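What you are looking at is a predicted structure, and each value in this text was computed from that prediction instead of being measured. Residue numbers start at 1 and run along the sequence shown. Just so you know, ligand 1 is whichever comes first in the structure, and atom 1 is the first atom listed for that ligand.
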Amino acid sequence: QYIGKPIRRIEDPRLISGKGSYVDDIKLPGEMFVAFLRSTKPHAKIHVKKTDNIFTGDDINPGKDFPIASRETTYVGQPIAAVIAKDRYEAYDLLESIEVEYEDLPYVLDPAEAIKDEVKVYSGLKSNIYFQKTFSSGNPEKILSESLTLEGELINQRVIASPIEPRGILAYFDGQRLNVWASTQSAHFMRRNLVEFLGFTNIRVIQPDVGGAFGSKIITHPEQYAVAKLAMKLGVPLKWVPTRTEEMISAGHGRDKRFKFKVGFTRDGKITALVGTIIGDLGAPYADANDDESGNVLSTSRMILGPYKIRDALITSYAVHTNKVPTTSYRGAGRPEATYFIERIVNMIANELNMDPIDIRLKNVIRPEEMPYESAFGITYDSGNYVEILNKAREYYNELKSEAGKDECVGLAMYVEITAFGPWEVARVFAKSDGKIIAITGSGPHGQGDATGFAQIVAETLQIPIENVEVRWGDTDIIEDGIGTWGSRTITVGGSAMLKASEELKRRLIEAAAKMLQADVEEIDYSEGKFTNKKSGKSATISEVISFAYKNGISLDVTYVYPVSKPTTPYGVHMALVSVDKELGKIKVKKYIAIDDIGKVINPLTAEGQIHGGVMQGIAQALYEEAIIDPQGNLVNSNLDDYAFPTAVESPKYTWTYIERGLSNHPTGSKGVGEAGAVVSTPVIVNAVENCLGKRIYKIPIKPDEL
Ligand code: MCN
Ligand code: MO
């Protein structure tokens, strides 16, 4: 009825008509504006001169350098003091009155240098190395010595998520309760963080409309902790909304991983072994960010074998601190880096052997009869048919090849990724006495269209018109708890909770109907909003049953906690037709074709939108975007003029196709799609350009001089 249909987003009418309400749109009487002074040095002892209206780390985190540096700063852009004024203009003016003494300390920006521990990023650290881990299987060194080999170092550069709306927060302590409105990916997660930081539990967090996040609003940022703390201290509503440049220099950056590798293969294209070192740059110490990003380094390491049967592998992984802004999750969070590395390597091998990109992948992929498959690094690939999707891709690939003119090439890449992380999600579904069904999620959608998916799931389970379902989220007061929206988990984990809660509500409605129609539960027939007593033929509508339930003290308010232990693994094959103009140094992506298996597709319209957006971000990483940091640790391109964002002009013509071969074990049968496009599109484009140039590419974004 609804699931699987391209239902238009129920979120959109208010958003596209300018009626959304973001943090900066919310105004409280008497609100004051907070601005932060930021470090201009990558590493220094600092002394901030305190006056009445200047708040330092000593006010916010006495004796510590986090979240606000009080003694020692570790990256350019780190907040070191705050001021409060009646509006943002006065606040920024006030910043200029702050006196800071810096005493320079040695710093290190390159993670490969930082590993040597010759210069400490922060004097409180024992080592710059956050972790070093080894992933090992089989006997790769021996196999390498018996194979053809190829080696190199691939760099997946640092980029900046840059959602349209920057992080922002409004906080007001009313004497009893701290009320917070924040641009975040999870109201509940932020609440738990604030409770821990403030040592105070009466906190309500509201996530209003959010103008995108792409991973950068998972963690609670230093400024958000500081504003919450100052709001508690001062008892006036405090608002902080950074400028674009502040956002770019101080919100978490993404990716920044490199892989030095040696791969073994046979003459007929079988990959025999993979050995290498991954270095992930965590940037400066900040526990919230480092916890998040170090998980992504692990993700890259464990997913680096891709959809291929590589049993002999040895990967040493480092998560390393440098004197740069901390990295955090950015769309795909570790899986794009893994996919980039392995898919670039497969392309190099294919070119070395002069092999077709589909043939070489067919030679190495996990067979359908081997599913579920446990990779050499212990990741379970739950379901799917990698052979079938490659065979399907061949039709499209051949078509693109035949279209390719002079100086045009086709690139292809495949991916398998992990989505739908736990540990749980909560859904609450209840009936209002007027018959309306309210569905609340503990997750925190912020652009993905999940509310539409939830409405589809609830309407389908209860067999009612979708217009009868209202979906709400983003308020810690309206549901018992929640995790959030990241890791392409929302429709699968949150949706499964929603489905189970709806089933339970349906069961309770049938129970109420049985009482109302004087029947046993088994004698009640339910279909399309109508309950019928099969014996007597008497019937009642769902509204009548709801009304009866209220009058008879039967609760129709269901909360369901859905636990998850293992992620589920979507996969796909993407390809692009790219033209390379060596003379002008210009690359244009002309056509892009995506084929994905994301299990059961709840809404092909929103899913397709997610692929398109993700693909565009991945194309941008291949061709345009890069956080350029100068030798003094400053972000050089810290505005939207200098930082090369893609626009609709750069967007190719797209086609999206899906197959539903590999369902997940979740009640929804779905797998995640929110990041898949970003996971695979970067190597698609780089492979295409590499095929045109006939020489290997190691660095991205690909710049004109590379051509
Ligand atoms: N969907 C579907 N069938 C499936 C899987 C998903 O119809 N089998 C639909 C869902 O109903 C939903 C959308 O696809 O409309 C994405 O669902 P899902 O894959 O569950 O991903 P999440 O909602 O958890 O989204 C998170 C993901 C992440 S991690 C980042 S980063 C990212 C992304 O979403 N950030 C975004 N997409 C974004 N899109 C926007 N507009 N803004 C962001 O900040
Ligand atoms: Mo994400």
Side-chain angles (χ1 to χ4, degrees), residues 2-12 15 161-165 167 183-186 207 209-219 252 254-255 292-293 295-296 299 328-336 417-421 425 441-457 471 473 483-498 567-570 572 596-618 656 658-660 662-664 666 668-679:
Y2 290 113
I3 293 177
K5 301 268 158 58
I7 309 283
R8 289 197 179 198
R9 295 180 15 151
I10 61 174
E11 294 93 329
D12 282 349
L15 294 177
S162 290
I164 294 175
E165 184 202 19
R167 304 152 297 161
S183 189
T184 170
Q185 292 178 232
S186 171
Q207 170 206 38
D209 288 325
V210 174
F214 307 106
S216 69
K217 296 172 183 172
I218 295 174
I219 67 161
R255 313 267 191 261
D292 178 35
E293 182 58 25
N296 301 335
S299 211
T328 61
S329 286
Y330 171 55
R331 202 170 194 172
R335 293 99 76 205
E417 64 137 340
I418 37 175
T419 65
F421 302 95
E425 195 49 270
T441 177
S443 66
H446 47 276
Q448 293 86 352
D450 292 293
T452 307
F454 290 140
Q456 290 173 259
I457 290 169
V471 183
W473 68 95
I483 297 291
T485 288
W486 48 72
S488 304
R489 65 188 300 276
T490 306
I491 211 62
T492 301
V493 184
S496 291
M498 205 57 96
T568 175
T569 56
D596 298 284
D597 186 354
I598 55 169
K600 177 76 201 157
V601 177
I602 306 299
N603 183 332
L605 194 62
T606 59
E608 180 174 5
Q610 286 296 304
I611 289 287
H612 285 184
V615 162
M616 207 54 225
Q617 283 178 302
W656 185 59
Y658 62 95
I659 60 171
E660 291 177 319
L663 300 194
S664 73
H666 297 285
T668 53
S670 61
K671 298 178 175 182
V673 73
E675 297 157 289
V679 166

Please work out, at 4.0 Å between heavy atoms, whether the side chain, the backbone, both, or neither of [X] comes within that distance of ligand 1.
| X | answer |
| --- | --- |
| Ile598 | both |
| Gln610 | side chain |
| Lys600 | backbone |
| Gln448 | both |

Shortest protein heavy-atom distance from [atom], along with the residue and atom involved:
| atom | result |
| --- | --- |
| atom 28 (C) of ligand 1 | Glu675 CG, 3.7 Å |
| atom 21 (O) of ligand 1 | Ser488 CA, 3.4 Å |
| atom 3 (N) of ligand 1 | Ile602 N, 3.0 Å |
| atom 43 (C) of ligand 1 | Phe214 CE2, 3.2 Å |
| atom 17 (O) of ligand 1 | Asp450 OD1, 3.4 Å |
| atom 41 (N) of ligand 1 | Gly447 O, 3.2 Å |

Ignoring hydrogens and geometry beyond distance, is a side-chain donor-acceptor pair present between [X] and [Y] at under 3.5 Å?
| X | Y | value |
| --- | --- | --- |
| Ser443 | Glu425 | no |
| Thr328 | Asp292 | no |
| Thr606 | Gln448 | no |
| His612 | Gln610 | no |
| Thr492 | Thr668 | no |

Looking only at distance, does [X] have an N or O less than 3.5 Å from an N or O of ligand 1?
| X | result |
| --- | --- |
| Thr606 | yes |
| Thr490 | yes |
| Ala213 | yes |
| Gly674 | yes |

Atom indices of ligand 1 within 4.0 angstrom of [X] heavy atoms, with elements:
| X | result |
| --- | --- |
| His446 | 42 (N), 43 (C), 44 (O) |
| Gly672 | 19 (O) |
| Gly215 | 31 (S) |
| Val601 | 3 (N), 8 (N) |
| Gly449 | 15 (O) |
| Trp486 | 29 (S) |
| Lys671 | 4 (C), 5 (C), 8 (N) |

Problem set entry | CA sep, side-chain torsions, deciding dist, call: Thr184, Val210, side-chain contact (heavy atoms from CB on, under 4.5 Å) | CA-CA 7 Å; Thr184 170; Val210 174; 5.8 Å; no

Shortest non-hydrogen separation from [X] to [Y] and the atoms involved:
| X | Y | answer |
| --- | --- | --- |
| Ala455 | Ile10 | CB-CD1, 3.9 Å |
| Gly662 | Asp597 | N-OD2, 2.7 Å |
| Phe454 | Gly494 | CE2-C, 3.5 Å |
| Lys671 | Thr569 | NZ-O, 2.9 Å |
| Glu11 | Asp450 | OE2-N, 3.4 Å |

For this session: Using heavy-atom distances, let me know which of Val493, Ile491, Thr492 sits nearest atom 11 (O) of ligand 1.
Result: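 Nearest heavy atom to atom 11 (O) of ligand 1 lies in Ile491.
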
Problem set entry | Nearest option to atom 19 (O) of ligand 1, as decided by whichever heavy atom of Ile3, Val673, Asn603 sits closest |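 Answer by nearest heavy atom: Val673.
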
Exercise. Is Val673 close to Asp596 at the side-chain level, that is, under 4.5 Å between some pair of heavy atoms?
Worked result: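 No. Closest side-chain heavy atoms not under 4.5 Å.
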
Problem set entry | Non-hydrogen side-chain atoms of Ser329 and Asn296 separated by less than 4.5 Å |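 In short, these two side chains touch, coming nearer than 4.5 Å.
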
Exercise. Taking Gln207 for the side chain and Trp473 for the main chain, is one N or O donor matched with an acceptor at less than 3.5 Å?
Worked result: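 No; zero donor-acceptor contacts below 3.5 Å.
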
For this session: Give a yes/no verdict on whether any heavy atom in Gly487 is under 4.0 Å from an atom of ligand 1.
Result: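 Yes, that is the case, since the closest heavy atom of the residue is under 4.0 Å from the ligand.
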
